[in-house]
Amino acid sequence: MTELTLAEILKTLGEMKVNANEAYKTYKVYKEVEDNLKAELMFKLKDTGLKSAKGDAFTASITEKPTVVVKSEIDVIEWLKNNPEIESDFYIGLKKAEFGLMANAQLKDTGEVPNGCDVEVRESLAIRANKKG
């Protein structure tokens, strides 16, 4: 197996960068259209009082998910210190993404909401392909 030369690596890398940039531009166009259509569908479903709609190939449904939201970092840090079963040093600083994962898992498992947090129910639109057959 032959090793690539510096010039070959640079040429291939440059071509891949150009291809990736072009693919990203295309992705952004599709993503913007998708986001606009999702917003329109969500509005129409809510306007008609429906929670779901089924088409020939796809089904859409509005889903609700409770999510823990930090309202007071001071209260959360105090709560972490008072819960020895939780490795508080991992979250202190307060690493919101990591803490959010832990707090949401705890909400799901035990129903407990940490001090300094509230639960907000967030809606999203789920789109899935219909089963064939």
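Just so you know, these numbers use all the heavy atoms, side chains as well, and skip hydrogens, waters and symmetry mates. Position 1 is the first residue of the sequence, and the numbers go up from there.
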| Can you tell me how far CH2 of Trp79 sits from CD of Glu73, rounded to the nearest 0.5 angstrom? | 14.5 Å

| request: For Glu34, enumerate each residue passing the salt bridge (charged side-chain N to carboxylate O under 4.0 Å, His left out) test, keeping only those at least two apart in sequence or located in another chain. | output: Lys31

| note | The reported gap from NZ in Lys17 to CG in Leu13 (rounded to nearest 0.5 angstrom) is 8.5 Å

| task | Step by step, work out the side-chain contact (heavy atoms from CB on, under 4.5 Å) result for Asn104 and Lys108. | result | CA-CA 6 Å; Asn104 284 315; Lys108 185 177 179 182; over 6 Å; no

| message | According to salt bridge (charged side-chain N to carboxylate O under 4.0 Å, His left out), who are the partners of Lys44, at least two apart in sequence or on a separate chain? | response | Glu40

| said: Which residues pass the salt bridge (charged side-chain N to carboxylate O under 4.0 Å, His left out) test with Glu85, not counting sequence neighbours? | reply: none

| query | Apart from Tyr24 itself, what residues make up its hydrophobic cluster, given side-chain heavy atom links below 4.5 Å? | reply | Tyr27

| If you group Ile, Leu, Val, Met, Phe, Trp and Tyr whenever their side-chain heavy atoms sit less than 4.5 Å apart, what else falls in with Leu101? | none

| task | State the CG-CE distance between Asp109 and Met102, to the nearest 0.5 angstrom. | result | 11.5 Å

| request: May I ask you to check whether over 12 heavy atoms, not counting those of Glu15, lie within 6.0 Å of atom CD? | output: yes

| query | Any sub-3.5 Å donor-acceptor pair from Thr48's side-chain atoms to Leu45's backbone N or O? | reply | yes

| said: Thr26: which residues meet the side-chain contact (heavy atoms from CB on, under 4.5 Å) condition with it, sequence neighbours left out? | reply: Tyr30

| Under the salt bridge (Lys or Arg N to Asp or Glu O under 4.0 Å) rule, what pairs show up with a residue in residues 49-70, not counting sequence neighbours? | Lys51-Glu64

| More than 12 heavy atoms of other residues, nucleotides or ligands under 6.0 Å from CG of Leu4: is that the case? | yes

| said: Hydrophobic clustering (ILVMFWY, side-chain heavy atoms < 4.5 Å, transitive) - are Leu41 and Ile62 grouped together? | reply: yes

| request: Among Ile, Leu, Val, Met, Phe, Trp and Tyr joined by side-chain contacts under 4.5 Å, find the other residues sharing a cluster with Phe43 and list them by chain and number. | output: none

Contacts under 3.5 angstrom, residues 115-128 side chains, donor-acceptor by atom type, not counting sequence neighbours:
{"residue": "Glu120", "atom": "OE2", "partner": "Lys71", "partner atom": "NZ", "Å": "3.4"}
{"residue": "Glu123", "atom": "OE1", "partner": "Lys46", "partner atom": "NZ", "Å": "2.4"}
{"residue": "Ser124", "atom": "OG", "partner": "Thr63", "partner atom": "OG1", "Å": "2.9"}

| request: To the nearest 0.5 angstrom, please state how far the CG atom of Asn21 sits from the NZ atom of Lys25. | output: 6.5 Å

| field | All side-chain contact (heavy atoms from CB on, under 4.5 Å) counterparts of Thr5, not counting sequence neighbours | value | Ala7, Glu8

| note | The side-chain hydrogen bond (donor to acceptor under 3.5 Å, both in side chains) partners of Lys38 (sequence neighbours excluded) come to none

| Apart from Val33 itself, what residues make up its hydrophobic cluster, given side-chain heavy atom links below 4.5 Å? | Leu37

